[in-house]
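In what follows, a single structure is set out as structure tokens and then discussed.
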Amino acid sequence: MKVKAAVATEVKQPLTIQDIELDEPRANEVQVRMVASGVCHTDAVLRDGWIPTTMPIVLGHEGSGIIEKVGAAVTHLAPGDHVVLSVNSCGVCSACLSGHPAYCANLYASNFAGSRPDGTTAFSAADGSPISSHFFGQSSFASVTNVSVRSVVKVDSEIPLELLGPLGCGIQTGAGAVLNVLKPSTADSLVVFGTGAVGMSAIMAAAASRVHTIIAVDIIPSRLDAAIGFGATHTINGKEEDAVARIQEITRGGANFAIDTTGNKFVFKQMIDALAMSGRAGAIGASAPGSEGIIDMPSALARGISITWIVEGDAIPQTFIPELIALHQAGDFPFDKMIKTYNFDDINVAFEDSENGTVLKPVITF
């Protein structure tokens, strides 16, 4: 069938809207008519060549839509089901079987390679040449797409799908870093470096957990203002003051927990320096190839700190995304306030607005 898609054809170039061909879903896939898709930093880093893949490719990895067809092996989903699409995984490696699919042994092949395991693609151009598909198992920048069943999360049909699109990656990552990995208590302090969609999601999750002190650090004043509305108790403009010194002042010695969402090596060092004794840090920001973070090893040893890199919030999407929806419905996770919607044809504008910081969470609608 013919579908409309935004295709990345060259590194660091805008996506092009094209009519392309979509094949039939395979046994372990479902065909989804898209309603919305978040635009995430990970889409941008693939477009810009930070992570290798095969172009042309249909990106998009935060989709929501309605199932139209199911593959022969799919028995727990049906046409008409409302779904959110998230990260893909193999389901059979030790990480998947132990409840940590974000650390799947086949993570690259399942999410970034641009094809099914057998090397075929769901999309093709008018001349029959292949267009890479199955980005994060879904390639949600298409009006209809074939999705790996491991990427599919069934949701309540009463909840607007336009709202749910961005839950599949960035929001899950920030919230999961707090709720699934770091798990600060009500008496703790948490500092979040970078208040984009991922950082704001971490702040909301901390506020939902009633964490005592939540510090937001950024260099964009409007985002710092917004962070207060999402639950931050303090804000620091890193351009105007020494962030580490101010954190130590607020917390009287350092933060119990810290998160870096930026992937910037200088911010990474600030995250470590801001920790209290026995503090824990979570690094969740994507960095450019070759980036190296600096750790003062004697100081780290003396303070007994720990650092972990966190992928996708270490979440099982099929259970965690419904948890986030429940928190939202209870009024404790107002992620909808981050969203600005764009028509599908304006997808490149959405990318630009995300990159320049004027919008927290762009969502394209079909």
Side-chain angles (χ1 to χ4, degrees), residues 40-42 62 86-87 89 93-105 107 111 153 166-217 230-232 247 251 254-263 267-268 270-272 274-287 293 295 300 303-327 332-333 335:
C40 177
H41 182 59
T42 306
E62 295 182 339
S86 188
V87 64
S89 53
C93 70
S94 60
C96 287
L97 293 174
S98 63
H100 301 281
Y103 305 109
C104 175
L107 186 71
N111 293 278
V153 180
L167 289 176
C169 182
I171 292 175
Q172 172 176 262
T173 295
V178 173
L179 299 176
N180 298 334
V181 181
L182 298 181
K183 300 180 181 179
S185 74
T186 55
D188 285 324
S189 56
L190 167 72
V191 56
V192 178
F193 290 90
T195 56
V198 175
M200 291 297 193
S201 299
I203 289 168
M204 282 186 277
S209 300
R210 308 300 189 259
V211 174
H212 181 268
T213 302
I214 305 169
I215 305 169
V217 183
F230 287 116
I247 291 164
T251 59
N256 303 115
F257 298 91
I259 293 174
D260 171 35
T261 72
T262 70
V267 177
F268 176 82
Q270 286 182 314
M271 173 185 69
I272 295 168
L275 289 173
M277 296 291 287
S278 301
R280 293 187 64 197
I284 58 180
S287 301
I295 300 172
R303 289 183 291 145
I305 65 171
S306 59
I307 308 166
T308 184
W309 277 257
I310 304 170
V311 179
E312 291 293 333
D314 194 12
I316 301 172
Q318 288 75 14
T319 57
F320 190 60
I321 288 174
E323 180 181 340
L324 295 181
I325 294 172
L327 285 172
D332 288 332
F333 194 73
F335 71 90

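All values below come from the heavy atoms of this structure, side chains included, with hydrogens, waters and symmetry mates left out.
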- Can you check side-chain contact (heavy atoms from CB on, under 4.5 Å) on I272 and I305, steps first, answer last? CA-CA 8 Å; I272 295 168; I305 65 171; 3.5 Å; yes
- Item | Worked verdict on I284 versus V311 for side-chain contact (heavy atoms from CB on, under 4.5 Å) | CA-CA 7 Å; I284 58 180; V311 179; over 6 Å; no
- Start with the C-alpha gap between I247 and F193, add the side-chain angles, then the distance that decides, and say whether side-chain contact (heavy atoms from CB on, under 4.5 Å) holds. CA-CA 11 Å; I247 291 164; F193 290 90; 3.7 Å; yes
- Stepwise, does the side-chain contact (heavy atoms from CB on, under 4.5 Å) test hold for S86 with I321? CA-CA 9 Å; S86 188; I321 288 174; 4.1 Å; yes
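When every heavy atom of V198 is checked against every heavy atom of G170, the shortest pair comes out as CG2-O, 3.6 Å. Between C96 and P101, the shortest heavy-atom distance links the atoms SG-CA, 4.0 Å. Between L167 and Q172, the closest heavy-atom pair is O-CB, 3.2 Å. The minimum heavy-atom distance linking G168 with E312 is given by the pair O-OE1, 3.6 Å. In terms of heavy atoms, A202 sits closest to V192 at CB-CG2, 4.2 Å. A216 approaches T195 most closely through the heavy-atom pair CB-CG2, 3.7 Å.
Using a 4.5 Å heavy-atom threshold, the side chains of R303 and L275 count as touching. Between V153 and P322, the closest side-chain pair of non-hydrogen atoms falls below 4.5 Å. Counting only heavy atoms from C-beta outward, the side chains of I310 and Y103 approach each other to under 4.5 Å. No side-chain heavy atom of L190 sits less than 4.5 Å from a side-chain heavy atom of I203. Side-chain contact between V191 and T251: absent, with no pair of heavy atoms (C-beta onward) separated by less than 4.5 Å. Within the 4.5 Å cutoff, no side-chain heavy atoms of V211 are placed close to those of T213.
Annotation: the span from D260 atom CG to S287 atom OG amounts to 7.5 Å, rounded to 0.5 Å. R280 CZ to S306 OG: the interatomic distance, rounded to the nearest 0.5 Å, is 5.0 Å. Taking OG of S209 as the start and CE of M204 as the end, the distance is 12.5 Å to the nearest 0.5 Å.
For F268, the ring-ring contact (aromatic ring centres under 6.0 Å, His included) partners at least two apart in sequence or on another chain are W309. Partners of H100 under the ring-ring contact (aromatic ring centres under 6.0 Å, His included) rule, at least two apart in sequence or in another chain, do not exist in this structure.
The backbone N or O of C104 lies less than 3.5 Å from no partner atom in the side chain of S89, so there is not a single donor-acceptor pair. Without hydrogens or angle criteria, S189 side chain to N256 main chain gives a donor-acceptor distance under 3.5 Å.
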Would you give me the side-chain donor-acceptor pairs under 3.5 Å for residues 174-186, sequence neighbours excluded?
| from | atom 1 | to | atom 2 | distance (Å) |
| --- | --- | --- | --- | --- |
| N180 | ND2 | G313 | O | 3.0 |
| S185 | OG | A187 | N | 3.4 |
| S185 | OG | D188 | OD2 | 3.0 |

